[in-house]
Amino acid sequence: MLYLCSRIVYLRYVKMSKKDKPYLDNEGRALPYPWIINTMLCIVGGLQTIRLRFWSRKPRHVAEKTLRDILTISRDTVYGKEHHFDRILSATTAEDLFRLYRLYVPVNNSFETLRPYVERHKNGEENVLFPGKPDMYATTSGTTSAPKWIPMTHKYLKDVYGKMSHIWTWNFVKHRSRIFGGHIFTTVGKECEGYAPDGTLFGAVSGVLVRDIPPIIKKHYTAPASVMSIPDYGARNYVLMRLALQHRDVTLWATANPSTILELLRALNENTEEMLTDIEKGTICEDFEIPFDIRAELDAYISPKPERAAELRKILAETGHLYPRDFWPWLQYLSTWKCGNTKIYMDKYMDQFNWDKTFYQELGYIATECRFGFSLDETNESVLFPQFHYYEFVEESELDSPRKHFLQIDELEIGKRYCAYVTTYAGLFRYNMNDLVEVGGKFKNTPTVHMISKVNGIVSLTGEKLYEPQFMDAVHQAEDETGIKTKFFVGFADIEGSKYHFYYEFADEKMTQEQAEAFTKVVDEKLQHINLEYESKRQSFRLHDPETHILLSNAYARFKAACLKDGFRDGQFKFNLLMQDEKRRSKFNLLQRLENSLERFSDTIIEKADKIDERRKERVERRKKRVERRKSKVESKKRR
């Protein structure tokens with residue numbers, strides 16, 4: 001087996017060498033070839049890839065096998081007994097199994113229907129959703145103010161996450177054979193954010209996976225996992241970029257959201273001199289608030305690199321900027337989400353990379369709830385894993401129907417859109433992902449999908465997954481706190497501006513723009529308290545300040561009248577209070593008070609000018625502080 005894998009790796013190396021040689025830098029120097037890592041990945045990842053191809057040839061058979069296995073494992077649990085898993089498993093055909101599963105197990109349209117079972121697990125009870133207890137919980141935002149605690153069982157982490165990761169990393173090697181010949185720059189969540197009442201860890205699955213990767217690969221990471229625990233997002237982004245920039249041989253840059261790429265590049269652009277000085281001297285700027293224990297740990301990752309700093313200064317002098325294509329000439333791979341509304345962020349950095357060398361791949365259809373699928377080629381299509389999940393789908397045209405027809409994985413049609421439902425080995429049964437996906441092709445006989453958007457009142461610009469009930473709750477809380485009452489309100493996501501627009505019709509028609517903006521500030525604070533992901537994206541500046549709009553009186557009636565005039569039927573008119581819909585937002589823009597629109601235009605110009613001045617002042621102050629610290633150090637040395 002070892003000889004066979006070594007031979008495969010060698011042949012792929014020879015093929016890549018004869019091809020386009022993306023592993024050569026601008027001066028013709030080559031990356032080293034990582035024989036040991038590639039051979040290891042060929043063994044574990046190659047074997048799982050062969051199994052994936054085998055199971056993908058007969059998706060319906062695998063769907064039956066996977067569902068039977070999940071139900072058999074959980075048949076004696078509280079949930080299994082309540083929903084008659086024994087009766088479902090008595091089915092002798094695949095068709096009967098699927099029919100009985102739909103009959104006895106209701107759709108979980110939100111996490112709230114599963115929350116009581118998860119709470120019992122959190123408080124120490126075993127055998128509720130699955131045998132025993134989970135190894136950990138992954139937390140993410142939910143439809144209410146309470147976050148979702150997604151249980152992760154040992155089997156799910158090892159047999160699903162682990163094996164899918166083997167396929168994913170082997171796929172890297174297949175596209176760029178020397179990808180592990182340099183450093184890896186990736187951003188993941190915090191491994192441990194706390195503990196459930198029974199002592200079970202909760203945090204980010206990505207953090208746990210990084211913790212458990214083999215040392216031979218982990219040593220290639222540019223930063224320790226502890227960096228993600230730095231509370232200040234500005235400081236965190238600075239440290240991440242500073243640690244990565246010191247290495248010329250970064251070969252892989254992976255992060256889920258493209259907006260993170262922009263924030264890290266912005267950290268470089270706004271602190272260029274500080275970062276280059278740190279690289280030159282082997283330090284980390286004292287201007288940033290970093291916990292003492294993390295600073296101490298970072299000492300092992302930094303050392304003076306005057307040659308690297310000089311190289312970066314030379315690039316800056318010759319080009320007038322620092323772009324990844326210049327400071328990382330061996331960058332082999334960039335992996336982020338590319339589907340849905342992420343393109344607006346991608347467009348802002350596409351010209352900063354050398355796409356002849358860097359392979360840009362869609363990360364895949366993954367969420368906290370489950371790893372639905374990965375992209376394995378140059379398309380944005382995610383290959384599904386029917387041996388690890390049981391999938392169901394509902395056509396887009398039936399989303400509002402009270403009697404939905406649930407389709408099996410082999411019944412999907414290319415070009416059509418569906419809402420996805422998943423059953424996992426970790427206690428999610430017929431769970432509505434609230435995602436609209438489109439079928440773009442097939443992997444063997446199994447359909448591939450790509451993300452289109454969220455559905456059913458859920459909006460996500462940078463991964464915050466803001467729910468309509470959360471927005472409504474935040475506005476009502478703001479009303480209670482401020483005493484300001486609204487007659488009507490609606491929120492819209494602005495992809496281009498990476499922010500939300502909040503429109504209000506206030507009970508007091510004399511409400512000023514200043515008062516309305518103060519009200520929005522309270523709404524924003526409430527949203528950050530309610531939604532963990534929203535808070536994270538606001539604090540890291542990926543989501544900008546929400547914009548305030550005051551509506552004319554009877555705004556909703558006017559809006560509905562305009563829609564009916566456009567051809568909507570009264571009985572079919574549906575309306576969400578939180579949307580990503582530019583057509584509807586344009587109608588509300590016409591319903592704003594005119595004087596506010598004019599004031600907002602002039603205020604925006606002044607505000608931008610003020611922000612530029614503030615940034616300049618901050619930089620001057622930081623420089624003064626550095627000079628003072630240096631002087632004090634010199635004086636203290638003289639005294640000694």
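Every heavy atom of this structure was used, including side-chain atoms; hydrogens, water molecules and symmetry mates were not. Since this is a predicted model, take the numbers as computed values, not measurements. We number each residue from 1, following the sequence as shown.
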Q) For the residue pair His389 and Phe372, does the interplanar ring angle fall in the parallel (under 30°), tilted (30 to 60°) or perpendicular (over 60°) class? A) parallel

**Q.** Heavy-atom closest pair, residues Pro151 and Val118
**A.** CD-CG2, 4.3 Å

Q: Taking side-chain hydrogen bond (donor to acceptor under 3.5 Å, both in side chains) as the test, write out the residues that go with Tyr238, two or more places apart.
A: Asp278

Q. How long is the gap from CG on Leu245 to CZ on Phe327, to the nearest 0.5 Å?
A. 5.5 Å

(Q) Suppose we screen for side chain to side chain contact (heavy atoms under 4.5 Å, CB included). Which residues come up paired with Lys416, at least two apart in sequence or across chains? (A) Glu395, Glu413, Tyr418

Q: For Asn237 and Glu263, test the side chains for any donor-to-acceptor distance below 3.5 angstrom and give the result as yes or no.
A: no

Q.
If you compare all heavy atoms of Glu509 against all heavy atoms of Ser553, which two are closest, and at what distance to 0.1 Å?
A. OE2-CB, 3.7 Å

Q: Give me the one residue out of Gln477, Gln470, His476 that meets side chain to side chain donor-acceptor pair (under 3.5 Å) with Asp473.
A: Gln477

Q: Among Tyr360, Tyr349, Trp328, Tyr221, find the residue that satisfies the ring pair (Phe, Tyr, Trp, His ring centres under 6.0 Å) test when tested with Trp253.
A: Trp328

Q: Quick one: closest heavy-atom pair of Val250 and Ala244, and the distance?
A: CG2-O, 3.6 Å

Q) If only atom types and distance count, is the side chain of Asp508 paired as donor or acceptor with the main-chain N or O of Ile484 below 3.5 Å? A) no

Q. Who pairs with Ser259 by side chain to side chain contact (heavy atoms under 4.5 Å, CB included), at least two apart in sequence or on another chain?
A. Asn257, Tyr345, Thr462, Arg542

Q. Is the backbone N or O of Ala267 less than 3.5 Å from a side-chain atom of Asn271, with the two atoms forming a donor-acceptor pair by type?
A. yes

Q. Are Leu265 and Pro324 side-chain neighbours, meaning at least one heavy-atom pair lies under 4.5 Å?
A. yes

Q | Any donor-acceptor pair under 3.5 Å from Ser375 side chain to Asn380 backbone | A | no

**Q.** Backbone of Asn269 reached by a side-chain donor or acceptor of Thr272 within 3.5 Å
**A.** yes

Q) In terms of the angle between their ring planes, are His549 and Tyr503 parallel, tilted or perpendicular, with boundaries placed at 30° and 60°? A) parallel

**Q.** Test: Glu438 and Arg417 ion pair at under 4.0 Å
**A.** yes

**Q.** Close side-chain approach of Pro546 to Val523, heavy-atom, < 4.5 Å
**A.** no

Q | Side-chain heavy-atom pair Tyr534, Asp524 within 4.5 angstrom cut-off | A | yes

Q.
How long is the straight-line distance from OG1 of Thr486 back to CD of Glu479, given to the nearest 0.5 Å?
A. 3.5 Å

Q: Taking the side chain as every heavy atom from C-beta outward, state whether Lys521 and Glu517 have any atom pair closer than 4.5 Å.
A: no

Q: For the pair Glu193 and Thr139, evaluate side chain to side chain contact (heavy atoms under 4.5 Å, CB included) and give the outcome as yes or no after the intermediate values.
A: CA-CA 9 Å; Glu193 296 179 354; Thr139 53; 3.3 Å; yes

Q) Looking at residues at least two apart in the chain, or sitting in another chain, which of them share a salt bridge (Lys or Arg N to Asp or Glu O under 4.0 Å) with Glu381? A) none

Q. Are Tyr365 and Asp435 side-chain neighbours, meaning at least one heavy-atom pair lies under 4.5 Å?
A. yes

Q: Please lay out, stage by stage, how Glu286 and Arg295 fare under the test side chain to side chain contact (heavy atoms under 4.5 Å, CB included).
A: CA-CA 10 Å; Glu286 295 289 340; Arg295 275 192 181 272; 4.0 Å; yes

(Q) What's the separation between atom CG in Leu262 and atom CD in Gln352, rounded to the nearest 0.5 Å? (A) 8.0 Å

Q | Exercise: identify the closest heavy-atom pair between Ala478 and Lys526 | A | N-CG, 4.4 Å

Q. Do the charged groups of Lys537 and Glu533 touch, with an N to O distance under 4.0 Å?
A. yes

Q: Name all residues meeting the side chain to side chain contact (heavy atoms under 4.5 Å, CB included) criterion together with Ala223; count only those two or more places apart in sequence or in a different chain, and write none if there are none.
A: Val227, Leu240, Leu243

**Q.** Six-ring centre of Tyr233, Arg236 cation under 6.0 angstrom, axis tolerance 45°
**A.** yes

Q | Reported CZ-to-CG distance for the pair Arg430 and Asn109, which is rounded to 0.5 angstrom | A | 9.5 Å

Q.
Measuring only between side-chain heavy atoms, which start at C-beta, is Met579 closer than 4.5 Å to Arg584?
A. yes

Q: Please name the residue in the list Tyr195, Phe111, Trp149 that meets the ring pair (Phe, Tyr, Trp, His ring centres under 6.0 Å) test with Tyr137.
A: Trp149

Q) Is a side-chain N or O of Glu468 found less than 3.5 angstrom from the main chain of Leu577, in a donor-acceptor match? A) yes

Q. Looking just at side-chain N and O atoms, do Thr424 and Tyr431 make a donor-acceptor pair shorter than 3.5 Å?
A. no

Q. Any donor and acceptor pair, going by atom type alone, linking the side chain of Arg325 with main-chain N or O of Leu331 inside 3.5 Å?
A. no

Q. Relative to the ring of Phe588, is the ring of Phe488 parallel (under 30°), tilted (30 to 60°) or perpendicular (over 60°)?
A. parallel

Q: Kindly indicate whether the side chain of Leu363, heavy atoms from C-beta on, has any atom under 4.5 Å from the side chain of Trp168.
A: yes

(Q) Looking at Arg585 and Glu582, is there a salt bridge between them, counting it only when a charged N and a carboxylate O are closer than 4.0 Å? (A) yes

Q. Where is the tightest heavy-atom contact between Ala138 and Thr368, given as atom of each residue plus distance?
A. CB-CG2, 3.5 Å

**Q.** Atom pair NE2 (His501) and OG1 (Thr548), whose distance is rounded to the nearest 0.5 Å
**A.** 10.0 Å

Q | Distance in Å, Arg538 CZ paired with Ser536 OG, rounded so as to fall on 0.5 Å steps | A | 11.5 Å

Q) Checking Glu362 side chain against Cys339 main chain: does a donor-acceptor pair fall under 3.5 Å? A) yes

**Q.** Met511/Tyr504 under side chain to side chain contact (heavy atoms under 4.5 Å, CB included): CA gap, chis, key distance, verdict
**A.** CA-CA 10 Å; Met511 183 70 62; Tyr504 312 99; over 6 Å; no

Q) Are Phe519 and Phe502 an aromatic pair by the rule of ring centers under 6.0 Å? A) no

Q) Quick one: does Lys487's side chain get under 4.5 Å of Phe506's, heavy atoms only? A) no

Q: Can you see which heavy atom on Ala196 is nearest to which on Lys122, and at what distance?
A: CB-O, 4.0 Å

Q: Can you sort out the partners of Glu396 under side-chain hydrogen bond (donor to acceptor under 3.5 Å, both in side chains), two or more places apart, ordered by chain and number?
A: none

Q: Kindly determine whether Phe185 and Leu264 satisfy side chain to side chain contact (heavy atoms under 4.5 Å, CB included), including the steps that lead there.
A: CA-CA 11 Å; Phe185 183 20; Leu264 289 167; 3.8 Å; yes

